[in-house]
Amino acid sequence: MLNWQQIDTVLLDMDGTLLDLHFDNHFWLEFIPAKIAQQHNISFEDAKTILIDKYHKVAGQIEWYCLDYWQKELNLPIAQLKREVQHLIAIREDVPDFLNALRKAGKKLILLTNAHPDSLSLKIERTQLDGYLDVLISTHEFGVSKEHQALWQQLQARLNFDKNRTLFVDDSLTILKAAHDFGIGHLLAIANPDSKLQPIHTDEFLAITDYRTLLPIAQSHQS
């Protein structure tokens with residue numbers, strides 16, 4: 001497992017890592033297709049097919065995460081619509097104890113999310129997640145997502161962290177591979193990002209389904 005004595009900085013994804021991914025999956029795969037079907041008087045299935053094709057075209061790009069892009073592309077008030085289902089936004093139940101333990105152990109905790117700033121603000125408003133973290137960063141500040149090396153280069157230039165003594169936690173295998181290629185020393189995958197779905201396979205990456213399995217390790221190395 002992780003050797004906390006070799007870790008100073010913890011970079012944490014948000015959706016699917018600290019928050020339940022169910023909100024996002026429901027919003028983009030159920031709620032928005034229903035709105036599109038209503039808007040264009042087509043079936044839900046046809047609307048979903050059209051949307052998934054649009055999603056695939058910008059997958060991994062900053063546009064995929066950009067509410068402004070989707071508002072223009074779909075002619076829908078995306079940020080406003082998110083508030084209609086905001087009751088589904090939820091912090092993972094295993095997260096608070098984990099983050100509190102890491103703070104007590106003296107780790108620097110940085111949220112690194114591809115989420116649009118408006119989406120980040122809504123989720124902070126709903127969960128008060130910022131109270132557990134030292135720094136909050138949306139990759140929109142850099143104009144490039146975590147899938148790309150340009151993001152990691154700019155991030156290190158800003159934060160000046162030691163790659164070898166940094167842990168990065170995410171539910172996206174593509175993003176974890178990008179972090180690995182950049183040289184991040186410690187990587188952790190979340191195998192159950194959506195509480196309503198079965199755990200995913202995480203290939204070669206160390207993975208967990210419950211942060212509490214790490215607590216004895218984190219707490220045993222408190223400074």
Side-chain angles (χ1 to χ4, degrees), residues 1-4 6-19 21 24-25 28 52-70 72-73 78 95 99 102 107-121 123-124 129-130 132-194 200-208 211 214:
M1 293 297 284
L2 298 168
N3 185 340
W4 293 103
Q6 296 179 359
I7 297 169
D8 298 324
T9 302
V10 183
L11 301 173
L12 297 143
D13 172 51
M14 182 171 66
D15 302 315
T17 298
L18 298 180
L19 304 186
L21 195 60
D24 299 275
N25 282 340
W28 293 108
I52 288 176
D53 181 60
K54 289 180 180 291
Y55 296 162
H56 285 165
K57 286 180 180 177
V58 292
Q61 305 301 315
I62 198 68
E63 289 82 4
W64 161 233
Y65 305 98
C66 182
L67 302 192
D68 299 323
Y69 172 84
W70 289 114
K72 182 178 180 181
E73 181 72 16
I78 300 297
V95 161
L99 296 184
L102 291 186
K107 312 305 180 186
K108 184 169 185 178
L109 304 181
I110 300 170
L111 180 73
L112 179 64
T113 178
N114 280 333
H116 185 275
D118 289 345
S119 183
L120 173 58
S121 295
K123 288 170 178 176
I124 293 301
L129 186 63
D130 56 328
Y132 299 97
L133 303 159
D134 298 306
V135 181
L136 306 177
I137 295 176
S138 165
T139 58
H140 288 255
E141 299 173 36
F142 300 98
V144 63
S145 63
K146 289 182 286 184
E147 287 87 340
H148 304 279
Q149 292 302 301
L151 179 278
W152 293 97
Q153 293 159 6
Q154 293 179 71
L155 184 71
Q156 189 178 37
R158 177 185 292 188
L159 299 178
N160 194 32
F161 56 85
D162 183 341
K163 291 192 287 187
N164 294 323
R165 297 187 61 82
T166 296
L167 166 66
F168 175 58
V169 189
D170 206 296
D171 63 298
S172 166
L173 302 185
T174 299
I175 293 174
L176 285 165
K177 287 171 184 172
H180 173 269
D181 291 345
F182 182 65
I184 299 298
H186 307 271
L187 301 168
L188 180 66
I190 301 304
N192 58 338
D194 185 326
I200 60 175
H201 295 292
T202 59
D203 298 339
E204 72 273 23
F205 294 108
L206 173 69
I208 59 163
Y211 287 107
L214 302 176

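Quick caveat, the model's predicted, so the values are computed rather than measured. The chain is numbered in sequence order, starting from 1.
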Novice: Is a donor on one side and an acceptor on the other found under 3.5 Å between the side chain of His116 and the backbone of Asp118?
Specialist: yes
Novice: From His148 NE2 over to Thr174 OG1, what is the distance, rounded to the nearest 0.5 angstrom?
Specialist: 10.0 Å
Novice: Does Asp130 reach the main-chain N or O of Leu136 with its side chain, forming a donor-acceptor pair under 3.5 Å?
Specialist: no
Novice: Kindly indicate whether the side chain of Phe161, heavy atoms from C-beta on, has any atom under 4.5 Å from the side chain of Ile184.
Specialist: yes
Novice: If we ignore hydrogens and angles and just use 3.5 Å, is the side chain of Lys146 paired with the main-chain N or O of Leu112 as donor and acceptor?
Specialist: yes
Novice: Can you measure from CG (Leu188) to CE (Met1) and round to the nearest 0.5 angstrom?
Specialist: 7.0 Å
Novice: Look at the side chain of Gln149 and the backbone N and O of Ala178, then say whether any donor-acceptor pair between them is shorter than 3.5 Å.
Specialist: yes
Novice: Show your reasoning for whether salt bridge (charged side-chain N to carboxylate O under 4.0 Å, His left out) applies to Asp181 and Lys177.
Specialist: CA-CA 6 Å; Asp181 291 345; Lys177 287 171 184 172; over 6 Å; no
Novice: Is there a side-chain contact (heavy atoms from CB on, under 4.5 Å) between Leu99 and Val10? Walk through the geometry before answering.
Specialist: CA-CA 10 Å; Leu99 296 184; Val10 183; over 6 Å; no
Novice: Would Lys123 and Leu129 count as a side-chain contact (heavy atoms from CB on, under 4.5 Å) if you check the C-alpha gap in whole Å, the side-chain angles of each, and the deciding distance to 0.1 Å?
Specialist: CA-CA 8 Å; Lys123 288 170 178 176; Leu129 186 63; over 6 Å; no
Novice: If you measure from the Lys or Arg side-chain nitrogens to the Asp or Glu carboxylate oxygens, is any gap between Asp8 and Arg165 under 4.0 Å?
Specialist: yes
Novice: Counting distance only, does the side-chain N/O of Asp162 pair as donor-acceptor with the main-chain N or O of Asn164 below 3.5 Å?
Specialist: yes
Novice: Please test Phe142 against Trp152 for ring-ring contact (aromatic ring centres under 6.0 Å, His included), starting from the C-alpha separation and ending with a verdict.
Specialist: CA-CA 10 Å; Phe142 300 98; Trp152 293 97; over 10 Å; no
Novice: Starting at CG of Asp24, measure out to CG of Leu19 and round the result to the nearest 0.5 Å.
Specialist: 8.0 Å
Novice: Salt-bridged, Asp53 to Lys57, with N to O below 4.0 Å?
Specialist: yes
Novice: Using the side-chain contact (heavy atoms from CB on, under 4.5 Å) rule, take Trp70 and Val58 through it: C-alpha gap first, then chi angles, then the decisive distance, then the call.
Specialist: CA-CA 11 Å; Trp70 289 114; Val58 292; 3.6 Å; yes
Novice: Going from CG on Leu111 to CG on Asp134, what distance comes out if it is rounded to the nearest 0.5 angstrom?
Specialist: 11.0 Å
Novice: For a 4.5 angstrom cut-off between non-hydrogen side-chain atoms, does Ile52 reach His56?
Specialist: yes
Novice: Taking atom CD1 of Ile110 and atom OG1 of Thr113, what is their separation to the nearest 0.5 Å?
Specialist: 14.0 Å
Novice: Looking at side-chain heavy atoms only, is the closest gap between Glu73 and Glu63 below 4.5 Å?
Specialist: no
Novice: Any idea which heavy atoms bring Val144 and Ala150 closest together, and the distance?
Specialist: CG1-C, 4.1 Å
Novice: Taking side chain as C-beta onward, heavy atoms only, is Leu173 less than 4.5 Å from Phe205?
Specialist: yes
Novice: Could you tell me if the side chain of Phe182 sits less than 4.5 Å from the side chain of Leu151, heavy atoms only?
Specialist: no
Novice: Could you go through the side-chain contact (heavy atoms from CB on, under 4.5 Å) check for Ile175 and Asn114 one step at a time?
Specialist: CA-CA 10 Å; Ile175 293 174; Asn114 280 333; 3.6 Å; yes
Novice: Can you check whether Gly60's main-chain N or O pairs, donor with acceptor, with Ser145's side chain at less than 3.5 Å?
Specialist: yes
Novice: Taking atom CG of Leu12 and atom OH of Tyr211, what is their separation to the nearest 0.5 Å?
Specialist: 6.0 Å
Novice: So Trp28 and Trp64, would you call those rings parallel, tilted or perpendicular, with 30° and 60° as cut-offs?
Specialist: tilted
